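What you see is a predicted model; the values in this text were computed from it and never measured. Counting begins at 1 with the first residue of the sequence.
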Amino acid sequence: LFFSETVVFATFLLNETQFQSAAGASGAHIYVPNNDVTPLSDDSTHLAIHLGTANLNELKRVPQLAVSADTTFLRINAASVRDTSGNTVVAIPDTAALRAASFVEDATAPQLVA
């Protein structure tokens with residue numbers, strides 16, 4: 001995630017974001033993740049995260065969502081993150097979600113665990 005100024009990872013709430021399959025909400029397939037996320041970066045203008053297994057598995061269950069860059073969009077609520085001065089991020093509504101800048105296709109084969 002790229003921001004116009006430094007944001008504080010400790011204030012990041014993944015459940016205040018929403019993945020959707022199109023830029024507009026009408027007819028889009030939607031997933032609201034839980035806060036199962038691991039930071040891959042410190043406070044910065046670039047916030048790198050690793051979605052937890054529960055989020056990845058639930059995201060895969062939503063048809064036509066996150067199967068390519070063309071079906072991977074993100075919206076955020078103002079409460080999703082704050083900058084170093086405590087200001088909330090400018091919200092991106094579900095009617096104007098941002099397309100993924102890059103996309104890595106799932107290549108992990110399932111394994112029988114029990």
Throw together a table of side-chain donor-acceptor distances under 3.5 angstrom for residues 75-82, partners on residues two or more places apart or in other chains.
residue: R75; atom: NH1; partner: N77; partner atom: OD1; Å: 3.2
residue: R75; atom: NH2; partner: N77; partner atom: OD1; Å: 2.8
residue: N77; atom: ND2; partner: E16; partner atom: O; Å: 3.4
residue: N77; atom: ND2; partner: E16; partner atom: OE1; Å: 2.7
residue: S80; atom: OG; partner: N77; partner atom: O; Å: 2.9
residue: R82; atom: NH1; partner: G86; partner atom: O; Å: 2.6

Which distance, rounded to the nearest 0.5 Å, do you find between the OG1 of T38 and the CG of L14? 10.5 Å
State the CG-CG distance between L13 and N35, to the nearest 0.5 angstrom. 5.5 Å
Using only atom types and a distance under 3.5 Å, with no angle test, would you say the side chain of [X] pairs donor to acceptor with the backbone of [Y]?
X: S85; Y: N87; answer: no
X: Q20; Y: D94; answer: yes
X: N15; Y: P33; answer: no
X: S21; Y: H29; answer: yes

If hydrophobic clusters are built from ILVMFWY residues whose side chains come within less than 4.5 Å, do [X] and [Y] share one?
X: F19; Y: L1; value: yes
X: L98; Y: I30; value: no
X: I92; Y: V89; value: yes
X: L56; Y: L47; value: yes

Could you give me the CA-CA distance, side-chain angles and deciding distance for L74 and Q18, then say whether side-chain contact (heavy atoms from CB on, under 4.5 Å) is met? CA-CA 6 Å; L74 185 70; Q18 175 177 293; 5.9 Å; no
Stepwise, does the side-chain contact (heavy atoms from CB on, under 4.5 Å) test hold for D83 with T6? CA-CA 6 Å; D83 68 10; T6 300; over 6 Å; no
Listed once per pair and sorted, the ring pair (Phe, Tyr, Trp, His ring centres under 6.0 Å) pairs that draw on residues 77-111, sequence neighbours left out: none
Could you pull out every donor-acceptor pair under 3.5 Å between side chains of residues 48-55 and any protein atom, sequence neighbours left out?
residue: N55; atom: OD1; partner: Y31; partner atom: OH; Å: 2.7
residue: N55; atom: OD1; partner: N34; partner atom: N; Å: 3.0
residue: N55; atom: ND2; partner: N34; partner atom: O; Å: 3.2
residue: N55; atom: ND2; partner: N34; partner atom: OD1; Å: 3.1
residue: N55; atom: ND2; partner: D36; partner atom: O; Å: 3.1

Taking distance alone, no hydrogens or angles, what donor-acceptor pairs closer than 3.5 Å link side-chain atoms of residues 106-114 to residues at least two apart or in another chain?
residue: D106; atom: OD1; partner: T108; partner atom: N; Å: 3.0
residue: D106; atom: OD2; partner: K60; partner atom: NZ; Å: 3.2

Residues two or more places apart in sequence or in another chain: which of them pass ring pair (Phe, Tyr, Trp, His ring centres under 6.0 Å) with H46? F2
Go through the structure and list residues passing ring pair (Phe, Tyr, Trp, His ring centres under 6.0 Å) with F9, not counting sequence neighbours. F12
